[in-house]
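A note on names: the letters A, B, ... follow the listed sequences, proteins ahead of strands, and every chain is numbered from 1.
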Protein chains: 4
Amino acid sequence: MKQTKPKYRQIIDAAVEVIAENGYHSSQVSKIAKRAGVADGTIYLYFKNKEDILVSLFQEKMGVFIERIESATTSRQTPSEKLRVLVETHFEQLSEDHHLAVVTQLELRQSNKMLRMKINSVLKKYLDVIDEIVEEGIREEVFRDNINRKLVRQLIFGTIDEVVTNWVMKEERYDITKQAKEVHEMIVEGLLRRP
Amino acid sequence: MKQTKPKYRQIIDAAVEVIAENGYHSSQVSKIAKRAGVADGTIYLYFKNKEDILVSLFQEKMGVFIERIESATTSRQTPSEKLRVLVETHFEQLSEDHHLAVVTQLELRQSNKMLRMKINSVLKKYLDVIDEIVEEGIREEVFRDNINRKLVRQLIFGTIDEVVTNWVMKEERYDITKQAKEVHEMIVEGLLRRP
Amino acid sequence: MKQTKPKYRQIIDAAVEVIAENGYHSSQVSKIAKRAGVADGTIYLYFKNKEDILVSLFQEKMGVFIERIESATTSRQTPSEKLRVLVETHFEQLSEDHHLAVVTQLELRQSNKMLRMKINSVLKKYLDVIDEIVEEGIREEVFRDNINRKLVRQLIFGTIDEVVTNWVMKEERYDITKQAKEVHEMIVEGLLRRP
Amino acid sequence: MKQTKPKYRQIIDAAVEVIAENGYHSSQVSKIAKRAGVADGTIYLYFKNKEDILVSLFQEKMGVFIERIESATTSRQTPSEKLRVLVETHFEQLSEDHHLAVVTQLELRQSNKMLRMKINSVLKKYLDVIDEIVEEGIREEVFRDNINRKLVRQLIFGTIDEVVTNWVMKEERYDITKQAKEVHEMIVEGLLRRP
DNA sequence: CATGAATGAGCATTCATTCAT
DNA sequence: AATGAATGAATGCTCATTCAT
């Protein structure tokens, strides 16, 4: 069956697979091309260079990833509920895409400083979502107002990231989505304003 | 002045410097050898291969790092105090050794999966320290007993790591030791048992 | 304004420009096609391959070049006058077409042996013109009869070519047409039969 | 028999052979290394990059080439004799080293502008030798004093170069050293001061 | 113990040419 | 006739590791 997906997406999907399976350093352009079913040279019609594949990959995948989290946290929810949904959706998405989980948690981190800067700018949008929920929680007097917003964001993201990384390194042998509730409670526990 | 440090340590110190200054991927064995003041071949009398330099580096440096944290958390302290001291000592040590901070937070993460597994086994000891403090807190009924110990450890380590990484990526432009108190409070707030 | 020149000529003119501006090795077929305002594939409807563009270019341009020299050396002139006109016309034509000068003197020489052999067969006609003038000079007893005709031709062509190349390499910073008279005198001086 | 020549010279000699036999564009570094009996990487211990091999090759070979011409034109000779010896020595040397002749007359000319600039600066010394002989001839009132020194140099070098190139392109099917006398006479004929 | 010259596997990228439309 | 997306062969250079001295 001939691939009919636009080549750009075809290549990105191939890259995720190849990197997840072979690791970042064993993922030659030619291997990605082969998996995508295109010639080596075709890669360069759609991407500036190898690094551009990785940046684009991250942008595409994280774009969808973050959008889903944004649309899952609707206006009717309380800030705490939003955080719960954020954790849940984060875990679910990685749970459903094994390759993506490996790539984002392990492989893409071994890229050079330049690439990681670009990756961070993509992550910025995710951090903004967290910031907004936290801000809302404080405004609505659900969260304590004596917290350092930036540190709280780092706690939330750092915790989620560490939990996911541990899960991936344990070769995803347990169901991470079942931890969402606990992780959420643990995080919120420290944020709630006491009467 | 001729170097009199044993060559093993000489090479490890050179590696930290070279990696911090040039980045992981620009740190060739020959560059490390030159900085250490030995011949390229000499490296291989003390280390199995390049990866072994990095693993040893991490073991040596983290060994001291963790020992200091262990000895700073004495038996007279409460679990919460111990956590505070842990955060403080963590921040202080990286604050005092710029090279080490860059290497552990940024450069060593670009290593391959294999190397990072070995690094994780070194980190295990640190995580054990955290686990013990948490366990003690629960036992002494200071921390809630309905928490998931493993997740709490991931929250503590994930948060500290994220805070430090942010600081290093911001080129250490602020004094991270001043954040120790807040980070500690933020973490403990979620752990404390309520009356 | 739409190009109305036949595509064949359009492409050759584009090639001269592109090669003169970018150098031989940076003159990709796609760049020539773009300059000519045609698609890459169209090139191959008019030329067998890239080398064929260059050979055709040289044939076309040198065809005109040599024709002009032939028609400038009329039957009424003495052999020495003909040589003077030959040098003059040679210099003038390259002087008037900067791109052509760069391409013939510098860029086309970086082509491979095969291409240069073909170029030489184009030059053959020019060398014939020289031969004929020399022959006439000897026949008319203006030039010495103890000269080696082939060597004299090599002296004439070698000198003219070297003078032009020096001029192009000096970025044409002086008026080469002003040297025609001197070059001619210098050449003829060695040819003239002494009383 | 193990090669004992210093590797630097070994590689240069291999390069001359390989380029003469395969042409400039088919002379991969790996091919040169193989011929020199060293590993590819070894090349880069002695040369900065591929271009550096070619520049060094030209410098080394032309260095000797020019030195021989210089020492053959001794102080006891007249300017005209010096020119004769120059032509003779030029022809003889290329006659004795087929590979070198092919490389200097054909292959090295297809290099890029950068390389040719460097080659020209090596040639400068040769042109200086010519200039000096011409100058001496004029000073001693053997050559006419109304000649343009620069143009004369271009005539001498252009002629010699053209004669040699024709010989090489004719696959050296005749003995070029036998032409030295004639070429010399032809050149000097135009230079001599008439009584 | 120490040296450092030598090794050689490994890979991103370019670009002339083709061919389905 | 014209297009231009797709092809895939081809190569200079780096650097971890070895080993003769």
Side-chain angles (χ1 to χ4, degrees), chain A residues 2-3 6-8 10-11 25-34 36-54, chain B residues 6-8 10-11 25-34 36-54, chain C residues 6-8 10-11 25-34 36-54, chain D residues 2-3 6-8 10-11 25-34 36-54:
Chain A
K2 215 171 88 197
Q3 267 284 14
K7 292 219 164 33
Y8 176 81
Q10 222 168 294
I11 293 166
H25 283 111
S26 302
S27 296
Q28 297 82 350
V29 171
S30 61
K31 209 178 267 179
I32 295 173
K34 191 170 221 172
V38 301
D40 291 17
T42 306
I43 298 271
Y44 293 87
L45 296 176
Y46 296 90
F47 301 90
K48 203 154 45 51
N49 50 34
K50 188 180 178 183
E51 180 176 302
D52 191 33
I53 306 178
L54 302 174
Chain B
K7 290 214 164 43
Y8 175 81
Q10 225 169 290
I11 292 166
H25 283 112
S26 301
S27 297
Q28 297 81 353
V29 170
S30 62
K31 208 179 267 180
I32 295 173
K34 190 170 219 172
V38 303
D40 293 17
T42 306
I43 298 270
Y44 292 85
L45 297 176
Y46 295 90
F47 300 90
K48 201 152 46 57
N49 50 34
K50 186 180 181 182
E51 183 177 299
D52 190 33
I53 307 178
L54 302 174
Chain C
K7 290 214 166 38
Y8 176 81
Q10 225 168 292
I11 292 167
H25 283 111
S26 301
S27 297
Q28 298 80 355
V29 170
S30 62
K31 208 179 266 178
I32 294 173
K34 189 170 217 171
V38 302
D40 292 17
T42 306
I43 297 269
Y44 291 87
L45 297 176
Y46 295 90
F47 300 91
K48 199 153 48 54
N49 50 33
K50 186 179 179 181
E51 183 177 296
D52 190 32
I53 307 178
L54 301 174
Chain D
K2 215 172 89 197
Q3 268 284 13
K7 292 220 163 33
Y8 176 82
Q10 222 169 295
I11 293 166
H25 282 112
S26 302
S27 297
Q28 297 82 351
V29 171
S30 61
K31 209 178 265 179
I32 295 173
K34 190 169 220 170
V38 301
D40 292 18
T42 306
I43 299 270
Y44 293 87
L45 296 176
Y46 296 90
F47 301 91
K48 204 154 44 54
N49 49 37
K50 188 180 179 183
E51 182 177 301
D52 191 32
I53 305 179
L54 301 173

- prompt: Given dA16(F), dC13(F), dT11(F), which nucleotide is nearest the side-chain atoms of Q28(D)?
  reply: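 Minimum distance to the Q28(D) side chain belongs to dT11(F).
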query: Roughly, in whole Å, what's the span from CZ in F47(D) to P in dG12(F)?
result: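 Roughly 15 Å, once rounded to whole Å.
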message: Measure NZ/K34(D) against P/dG12(F) and give the value in whole Å, please.
response: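 Distance check: K34(D) NZ to dG12(F) P gives 14 Å.
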In chain order, what residues pass the side chain to side chain contact (heavy atoms under 4.5 Å, CB included) check against [X], with sequence neighbours excluded?
X	answer
Q28(A)	S30(A), K31(A)
N49(D)	E51(D), D52(D)
Y44(D)	V29(D)

message: Students often get this wrong, so: under 4.0 angstrom with heavy atoms, is V29(A) touching a base, only sugar-phosphate, or nothing?
response: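 Answer is base: heavy atoms of V29(A) come under 4.0 Å of a base.
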Non-hydrogen atoms of I11(C) and F47(C) that approach each other most closely: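 For I11(C) and F47(C), the tightest heavy-atom pair comes out as CG2-CE1, 3.5 Å.
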- prompt: Minimum heavy-atom separation for D40(A) to A33(A), with atom names?
  reply: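 D40(A) and A33(A) have their closest heavy atoms at OD1-CB, 3.6 Å.
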Enter the distance from [X]:[atom1] to [Y]:[atom2] here, rounded to the nearest 0.5 Å.
X	Y	atom1	atom2	answer
K7(D)	L45(D)	NZ	CG	9.5 Å
Q10(D)	T42(D)	CD	OG1	9.5 Å
Y8(D)	I43(D)	OH	CD1	12.0 Å

Grab the N/O contacts between the protein and nucleotides 1-3 of chain F below 3.5 Å, and write none if there aren't any.
{"unit_1": "dA2(F)", "atom_1": "OP1", "unit_2": "K7(C)", "atom_2": "NZ", "d": "3.2"}
{"unit_1": "dA2(F)", "atom_1": "OP2", "unit_2": "Y46(C)", "atom_2": "OH", "d": "2.5"}
{"unit_1": "dT3(F)", "atom_1": "OP2", "unit_2": "A39(C)", "atom_2": "N", "d": "3.1"}
{"unit_1": "dT3(F)", "atom_1": "OP2", "unit_2": "T42(C)", "atom_2": "OG1", "d": "2.4"}

field: Start and end of the DNA chain E segment that chain A contacts, any atom under 4.0 Å from a heavy atom
entry: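 Nucleotide range with atoms under 4.0 Å of chain A: dC11(E) to dT14(E).
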query: Excluding sequence neighbours, so at least two apart, what forms ring pair (Phe, Tyr, Trp, His ring centres under 6.0 Å) with Y46(C)?
result: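 Here no residue qualifies.
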message: As a check on the pairing definition, encode DNA chain F in dot-bracket form, counting Watson-Crick and G-U wobble pairs whose two distances are under 3.5 Å, and using | for partners outside this strand.
response: .||||||||||||||||||||
task: Take K48(A) and Y44(C), find for each the nucleotide of DNA chain E with the closest heavy atom, and name the residue whose nucleotide sits nearer the 5' end.
output: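 In this pair, the answer is K48(A).
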